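Working notes for the structure below.
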Amino acid sequence: MATASPHQLRRSLFAALAYLATTWLSVWLSKKLSVDASIWLRVVTGLLPLLPISYGVRVVVQIILAGDELQRRIDLEAIAVASVAVGLGALTLSLLLVANVVTLSGRQALLWVFPALWMGYALARVWVARRYR
Amino acid sequence: MKSRVRELREAQGWSQATLADHLGVSRQTVNAIETGKYDPSLPLALRLGRLFKQPVESIFFHEEEHS
């Protein structure tokens with residue numbers, strides 16, 4: 001018990017694929033929509049990827065809650081490591097932006113915060129779990 | 001923290017997976033407790049004590065207390 005079941009892994013994979021599909025659809029539709037389109041239509045189109053993301057977060061929370069105390073500790077440490085790493089990375093990037101060393105649009109940078117946090121959590125979880133083997 | 005979990009488990013002829021099933025935890029957790037890499041919570045330590053019919057303080061100890 002206490003590890004992700006094949007069913008939960010399938011649901012995670014479905015969420016990831018749905019995220020890719022809705023992101024592509026959202027970007028494609030946003031380009032097609034004219035500036036005169038209703039604000040609500042643009043909001044719905046723009047926020048479309050939030051649906052699979054919310055579903056994916058729910059699946060991960062269920063996996064964590066189904067884990068035992070050691071696995072929850074590993075998850076907590078991994079989330080802490082990922083948060084600090086992404087926070088420091090964002091701070092470093094913004095300092096370099098202020099210093100005009102790099103140029104990057106705020107739109108691009110913001111889009112990568114959540115995926116970076118997610119990937120950081122996955123990598124940190126592998127690293128943290130090794131300490132308890 | 002050291003423990004006698006491995007010794008007590010082997011005395012029962014159980015695998016780590018069997019003990020994990022009895023305790024409702026993962027095999028990785030049992031392994032981490034046996035190797036001293038993870039100190040269990042009080043409820044889990046009490047479950048171990050109840051399962052092996054031993055007081056918790058006879059299962060878990062600091063190394064200097066045992067020598």
Side-chain angles (χ1 to χ4, degrees), chain A residues 1-17 54-88 116-133, chain B:
Chain A
M1 78 170 272
T3 50
S5 67
H7 176 63
Q8 285 168 323
L9 290 176
R10 274 198 301 276
R11 287 171 66 202
S12 307
L13 184 65
F14 170 75
L17 292 175
S54 307
Y55 177 72
V57 168
R58 187 164 168 258
V59 171
V60 171
V61 168
Q62 284 174 342
I63 291 172
I64 291 173
L65 290 179
D68 64 25
E69 59 185 52
L70 174 59
Q71 282 161 338
R72 284 191 198 182
R73 174 187 282 213
I74 290 170
D75 283 313
L76 186 65
E77 288 181 17
I79 289 167
V81 168
S83 305
V84 170
V86 172
L88 280 179
L117 198 55
W118 217 235
M119 283 186 283
Y121 162 64
L123 291 173
R125 201 186 187 289
V126 172
W127 178 68
V128 171
R130 286 181 61 175
R131 289 180 41 225
Y132 292 101
R133 273 189 206 137
Chain B
M1 184 98 76
K2 298 281 175 188
S3 83
R4 292 173 51 229
V5 173
R6 184 186 298 265
E7 171 197 329
L8 294 166
R9 171 178 63 78
E10 287 175 349
Q12 297 281 341
W14 291 343
S15 65
Q16 286 186 340
T18 307
L19 177 57
D21 276 347
H22 281 296
L23 294 169
V25 298
S26 65
R27 196 197 58 77
Q28 183 192 11
T29 301
V30 170
N31 185 61
I33 292 170
E34 286 187 356
T35 53
K37 288 179 178 165
Y38 175 65
D39 296 334
S41 66
L42 185 57
L44 181 54
L46 290 171
R47 284 213 297 278
L48 276 160
R50 209 161 42 233
L51 189 65
F52 291 128
K53 298 182 176 59
Q54 302 259 343
V56 172
E57 61 271 27
S58 79
I59 301 177
F60 295 96
F61 52 87
H62 287 291
E63 204 159 13
E64 60 270 22
E65 290 171 11
H66 201 56
S67 54

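Predicted model only: the values in this text are computed from it and were never measured.
- The CG atom of Asp39(B) sits 7.5 Å away from atom CZ of Arg73(A), with the distance rounded to the nearest 0.5 Å.
- Here the closest non-hydrogen pair linking Leu70(A) and Ala32(B) is CD2-CB, 3.7 Å.
- With a threshold of 4.5 angstrom between heavy atoms, Thr35(B) does not approach chain A through any atom at all.
- Using non-hydrogen atoms only and a strict 4.5 Å limit, no part of residues 11-18 of chain B faces chain A.
- When heavy atoms are compared at a cutoff of 4.5 Å, Arg131(A) approaches chain B solely by way of its backbone atoms N, CA, C and O.
- Scanning residues 116-124 of chain A against chain B with a 4.5 Å non-hydrogen threshold yields no residues.
- Here the CG atom belonging to Asn31(B) is positioned 10.0 Å from the CZ atom belonging to Arg133(A), to the nearest 0.5 angstrom.
- For Tyr132(A) against Gln28(B), the heavy-atom pair with the smallest separation is CB-NE2, 4.5 Å.
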Listed pairs under 3.5 Å, donor-acceptor, residues 54-67 of chain A side chains, sequence neighbours left out:
from     : atom 1 : to       : atom 2 : distance (Å)
Ser54(A) : OG     : Leu50(A) : O      : 2.7
Tyr55(A) : OH     : Arg11(A) : NE     : 3.2
Gln62(A) : OE1    : Arg11(A) : NH1    : 3.1
Gln62(A) : OE1    : Arg11(A) : NH2    : 3.1

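- Residue-level contacts of residues 41-48 of chain B with chain A, in order of numbering, are Ser41(B), Leu44(B); threshold 4.5 Å between heavy atoms.
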